[in-house]
Visitor: 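Quick one: the structure is below, and I'll ask about it shortly.
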Number of protein chains: 2
Amino acid sequence: MQKNDIETLIHFLSKLPGLGKRSARRAVLHLIKNKQSLMLPLVESMANASESIRICSSCGNIDSIDPCGICTDAKRISEQICVVEEVSDLWAIERSNIFKGTYHVLGGTLSAVDGRGPEDLNIDKLIQKAGNENVSEVILATNATVDGQTTAHYITQRIKHLEVNISQIAHGIPIGGELDYLDDGTLGAALNSRRPF
Amino acid sequence: MQKNDIETLIHFLSKLPGLGKRSARRAVLHLIKNKQSLMLPLVESMANASESIRICSSCGNIDSIDPCGICTDAKRISEQICVVEEVSDLWAIERSNIFKGTYHVLGGTLSAVDGRGPEDLNIDKLIQKAGNENVSEVILATNATVDGQTTAHYITQRIKHLEVNISQIAHGIPIGGELDYLDDGTLGAALNSRRPF
């Protein structure tokens, strides 16, 4: 059976996160059934994206221009730098539509287990930016995990001598959350971080 | 933020079965991180596949040639036609490496609920093939679902007057299955289909 093109396609599709061999097969059949409406547009958009996408040399975001749209947007408050682990975190914060400052994408976290040190992350450029006198606040928005918090502590150590305010996004009860269903860690963090009402 | 290319790509990727908006976003970031090793090869293989893939006019299989590799393979036993619902079922049977005959892909099942009648399926061509004197056996391998069995019964009604043997793949206990964990339907089918030992 000559289905080399199909097998190659299944092979590469199955490497996407969230897709295994079986779901890649289903995806390929779905693509073939919807050639005009899905397969050809997908090929085109993926080719376009791979052609146009740049990694922002300033903040590590991805965009079709470098520096990225956020870094070059005059309406954004460039005094504020929100530090995130990955571009997906940046997208998540952008969707909330609350933050009007700029970002810095680390590209991961420090990890003793996985052997990732500061030199593996986009940290030096952050230190450099934090020392710039136009920057007034560094907001740490790494994940509330051990590695995320370790990274936040490390960054704090590196920039606390600079004249810049360091803050961290709040950890506490998620909106809509019920106390009875929360884990002890979140509840403890929420209590420790209580504020005057 | 100008990320139109990215958003278009996320839009189309999220239409694949098994991928939602969130996993499509993760997939896009993964693609961008692995541009050389994954994104570009994926674009190329998808373009190749969309260029080369044909639906076999004889059996409904997909391949880069028409008639497909199975239909044109002289080593396959063309007297036997295994009737399956979808190309994915054909692939599944091929992986088992047991069947050496040819196939006929219906493209779905009859369904009263979804309003699919015989005219929506690739049935007429099967009847025609079953009437061919070179064909000795039609093996019904539709799913063991209500719709699959309804379809099998319908096909039997249409071809039972022809001089062709009609068989159905066995329904019973899956290999490695334990009786205690099986549903009543499977156990009942296995008992009803018992054979001399």
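All values below were derived from every heavy atom in this structure, side-chain atoms included, with hydrogens, water molecules and symmetry-related copies excluded. So that the names make sense, note that chain A is the first sequence line, chain B the second, and so on, each numbered from 1.
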Visitor: Any link between A/L126 and A/V84 through a network of hydrophobic side chains (Ile, Leu, Val, Met, Phe, Trp, Tyr) touching at under 4.5 Å?
Guide: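 No, separate clusters.
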Visitor: What distance do B/I62 atom CD1 and A/L29 atom CG have between them, rounded to the nearest 0.5 Å?
Guide: 5.0 Å
Visitor: Report whether B/F99 and B/I155 are members of the same hydrophobic cluster (ILVMFWY, side-chain heavy atoms less than 4.5 Å apart, transitive linking).
Guide: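 No, B/F99 does not connect to B/I155 through the hydrophobic network.
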Visitor: Does A/V138 share a hydrophobic cluster with A/L121, counting links as ILVMFWY side-chain heavy atoms below 4.5 Å and allowing steps through other members?
Guide: yes
Visitor: Going from CE on B/M46 to CG on A/L40, what distance comes out if it is rounded to the nearest 0.5 angstrom?
Guide: 10.5 Å
Visitor: Taking B/V87, B/V28, B/I32 one by one, which has the highest count of heavy-atom pairs under 4.5 Å against chain A?
Guide: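 When all of B/V87, B/V28, B/I32 are compared, B/I32 has the most.
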Visitor: What's the separation between atom CG in A/L38 and atom CG in B/L16, rounded to the nearest 0.5 Å?
Guide: 5.5 Å
Visitor: Could you state the interatomic distance from CD1 (A/I6) to CH2 (B/W91), rounded to the nearest 0.5 Å?
Guide: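 Spacing of CD1 (A/I6) from CH2 (B/W91) equals 5.0 Å.
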Visitor: Identify which of A/G18, A/S23, A/P41 forms the greatest number of heavy-atom pairs closer than 4.5 Å to chain B.
Guide: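 Of the options given, most contacts go to A/P41.
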Visitor: Go through A/R25, A/E51, A/H11 and name the one with the most non-hydrogen pairs under 4.5 angstrom from chain B.
Guide: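 Looking at each of A/R25, A/E51, A/H11 in turn, A/R25 comes out on top.
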Visitor: Let me know if B/K35 has heavy atoms under 4.5 Å from chain A in its side chain, its backbone, both or neither.
Guide: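 Side chain of B/K35 only, per the 4.5 Å heavy-atom cut-off to chain A.
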Visitor: Do other residues, nucleotides or ligands put more than 12 heavy atoms under 6.0 Å from A/D184 CG?
Guide: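 Counting neighbours around CG of A/D184, 12 or fewer heavy atoms of other residues, nucleotides or ligands fall under 6.0 Å, so no.
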Visitor: What do you reckon, is CZ of A/R194 surrounded by more than 12 foreign heavy atoms closer than 6.0 Å?
Guide: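 Atom CZ in A/R194 is not crowded, with 12 or fewer foreign heavy atoms closer than 6.0 Å.
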Visitor: Does any backbone or side-chain atom of B/R54 lie under 4.5 Å from a heavy atom of chain A? Answer side chain, backbone, both or neither.
Guide: neither
Visitor: Taking it one step at a time, do B/L13 and A/L42 satisfy side-chain contact (heavy atoms from CB on, under 4.5 Å)?
Guide: CA-CA 7 Å; B/L13 268 182; A/L42 183 57; 4.1 Å; yes
Visitor: Take atom CD in B/E133; do more than 12 heavy atoms of anything else shown fall under 6.0 Å from it?
Guide: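 Counting neighbours around CD of B/E133, 12 or fewer heavy atoms of other residues, nucleotides or ligands fall under 6.0 Å, so no.
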Visitor: Name the region of B/T72, side chain, backbone, both or neither, that has any atom closer than 4.5 Å to a heavy atom of chain A.
Guide: neither
Visitor: Could you tell me whether A/E86 and B/K33 make a salt bridge, using a distance below 4.0 angstrom between a side-chain N and a carboxylate O?
Guide: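 A salt bridge is present here (some side-chain N lies under 4.0 Å from a carboxylate O).
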Visitor: Got a second to check how far A/S45's OG is from B/N4's CG, nearest 0.5 Å?
Guide: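 The OG atom of A/S45 sits 12.0 Å away from the CG atom of B/N4.
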Visitor: Same hydrophobic cluster for B/I169 and B/I70, using side-chain heavy-atom links shorter than 4.5 Å among ILVMFWY?
Guide: yes
Visitor: Measure distances from B/L19 to the heavy atoms of chain A and classify the residue's part below 4.5 Å as side chain, backbone, both or neither.
Guide: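 Answer is side chain: those atoms of B/L19 sit under 4.5 Å from chain A.
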Visitor: For A/H171, does the NE2 atom sit with more than 12 other heavy atoms under 6.0 Å from it, leaving out its own atoms?
Guide: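 Yes, because the 6.0 Å sphere around NE2 of A/H171 holds more than 12 heavy atoms from other groups.
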Visitor: Please tell me whether A/I10 and B/F12 are part of a single hydrophobic cluster in this structure, the criterion being side-chain heavy atoms less than 4.5 Å apart.
Guide: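 Yes.
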Visitor: Could you give the distance from OG (A/S50) to CG (B/L31), rounded to the nearest 0.5 Å?
Guide: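 So the OG of A/S50 and the CG of B/L31 are separated by 9.5 Å.
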Visitor: Is it true that the side chains of B/D5 and A/S64 contain a donor and an acceptor less than 3.5 Å apart?
Guide: no
Visitor: Please report the closest heavy-atom contact between A/A27 and B/P17, naming both atoms and the distance.
Guide: CA-CG, 3.9 Å
Visitor: Give a yes or no on this: more than 12 heavy atoms of other residues, nucleotides or ligands lie within 6.0 Å of atom CD1 of B/I55.
Guide: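 Incorrect, the count does not exceed 12.
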Visitor: Taking atom CD of B/E178 as the centre, report whether more than 12 heavy atoms of other residues, nucleotides or ligands fall under 6.0 Å from it.
Guide: no
